[in-house]
2 protein chains.
Amino acid sequence: MPRAGLTSDRVVRAGAELADEVGLDDATVSALARQLGVKVASLYGHVDGATGLQEGIARLALDELADRAAEAIAGRSGRDALVAFASAYRDYARQHPGRYAATRLRVGPDSPVVEAGRRHADLTRAVLRGYALEESDTVHAVRLLGSTVHGFTDLELGGGFDHSEPAPEESWARTLDALDATLRSWAISPPG
Amino acid sequence: MPRAGLTSDRVVRAGAELADEVGLDDATVSALARQLGVKVASLYGHVDGATGLQEGIARLALDELADRAAEAIAGRSGRDALVAFASAYRDYARQHPGRYAATRLRVGPDSPVVEAGRRHADLTRAVLRGYALEESDTVHAVRLLGSTVHGFTDLELGGGFDHSEPAPEESWARTLDALDATLRSWAISPPG
DNA sequence: TAGGTTTCCTATAGGCTTTAGGCAAATCCC
DNA sequence: GGGATTTGCCTAAAGCCTATAGGAAACCTA
């Protein structure tokens, strides 16, 4: 009987793709085993059950997302960086809804996912460097930025904008405009 | 054997409370039956299985939330209305995390949940009346407001603010300030 | 090529969902 | 009030998912 050549990494990756296709909730260990042409129990040697699989997907997604965000802001600053950064999140969520959903799972405080979360906060602070904020304002700006981007993305993905016109694209542009204006208004001395 | 006196309404309500206690995902039909001191199959006469239960909770939550939002904006306008409205959402989500999670479920286009969603959009537009927006700007403002409030609430509930100082309260105030300023700047003629 | 390790398997148990069919309590109606 | 009907809750059973235990085949290494 030939071996399937599974590894933790490959299992998690396949799980992530399955989650994008059928939704995170239906990306079960059983469904994944079927997809991989393997018996369910075989996967338990590579991932720690259902929650382990989801944490793995979350970890993978957060890393991928941070990579994209980092690339998006490289060589940009101010408004350009903001738009590229926020759009990296939105685009990723639309391309990988299952993975994105995994990033929002509540997770234990000792999980490597927490570490990945810190990287995202650092990237967000990097975007905000272009706005010359007071140190004490930065946390609030990080939270505002995260809230707005995640909120828009989550509502859009959840179909919240399906019953109104126009397409979300224009609202997205307006949202980024508003965010940029707000952050500029928070700057120590408004750029001349 | 005495009857338990179940009704659809009572079952859904008990389900909502269970969801708030143990999380929406663990508010299963089985767990609910145990809680109600009844056999699982008995519930199938009152709710249409697991998804029916979740839709019922979503419907209940959206109605309750709309009631609260309506009460919050009654007799207020402008910034006051905005703050009261947004805080009604945030407070509800913190008091009823399971119910709030249910409101974000994707649902078929023929579900009564869609109807309830429209009521929320109407209430949001009522808040925006105080800002004298261009008609064409209103959709974007509705989406911006919804995104920001939901995003903040979702991140806060998901523990996203747990690893940074200070407490979210201050960030919430700053977020509402920013939202108010943005909407004022969108007005046809800024209030004098 | 023999031993040890890894990988995947079978078997099994328990939980959740859902449907089918049955009995008894509540209700209706004369 | 008593019988028929409806309603409410039950038992039983099948299917899928999670999870663990233990075995056999493939791979690696000396």
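Source: prediction; values computed, not measured.
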Kindly indicate whether the side chain of A:Val139, heavy atoms from C-beta on, has any atom under 4.5 Å from the side chain of B:Phe161.
no

Are any of the side-chain nitrogens in A:Arg59 or A:Asp63 under 4.0 Å away from the carboxylate oxygens of its partner?
yes

If every non-hydrogen atom of B:Gln35 is compared with every non-hydrogen atom of B:Leu18, which pair is closest and at what distance?
OE1-CD1, 3.6 Å

Under a 4.0 Å threshold between the charged nitrogen and the carboxylate oxygen, would A:Arg94 count as salt-bridged to A:Glu156?
yes

What's B:Val40 touching, base or sugar-phosphate or nothing? Going by heavy atoms closer than 4.0 Å.
base

It should be established whether B:His46 places a side-chain nitrogen or oxygen under 4.0 Å from OP1 or OP2 of nucleotide D:dC9.
yes

Is a side-chain N or O of A:Arg76 found less than 3.5 angstrom from the main chain of A:Ala72, in a donor-acceptor match?
yes

Any B:Ser42 side-chain nitrogen or oxygen under 4.0 Å from OP1 or OP2 of D:dC10
yes

Touch check for B:Gly45, heavy atoms < 4.0 angstrom, all strands: base, sugar-phosphate only, or nothing?
nothing

Starting from C1' on C:dT18, measure out to NZ on B:Lys39 and report it in whole angstrom.
16 Å

Using a 4.0 Å cut-off on heavy atoms, which residues in residues 5-36 of chain A reach DNA chain C? List them by number, or say none.
A:Gly5, A:Leu6

Return the value, rounded to whole Å, for the distance between atom CG of A:Leu43 and atom P of D:dT18.
10 Å

Do A:Asp154 and A:Tyr100 have a side chain donor and acceptor closer than 3.5 Å?
no

A:Gly15 versus A:Ala27, closest heavy-atom pair with distance:
O-CB, 4.2 Å

Please report, rounded to the nearest Å, how far the C1' atom of C:dT10 is from the OH atom of A:Tyr44.
16 Å

Touch check for A:Ala50, heavy atoms < 4.0 angstrom, all strands: base, sugar-phosphate only, or nothing?
sugar-phosphate

What dot-bracket string describes DNA chain C from 5' to 3', counting Watson-Crick and G-U wobble pairs whose defining distances are under 3.5 Å, with [ ] for crossing pairs and | for pairs to another strand?
||||||||||||||||||||||||||||||

Looking only at heavy atoms, what is the nearest atom pair of B:Ala178 and A:Thr182, with distance?
CB-CG2, 3.5 Å

Could you point out which residue of A:His120, A:Arg125, A:Arg118 forms a side-chain hydrogen bond (donor to acceptor under 3.5 Å, both in side chains) with A:Asp122?
A:Arg125

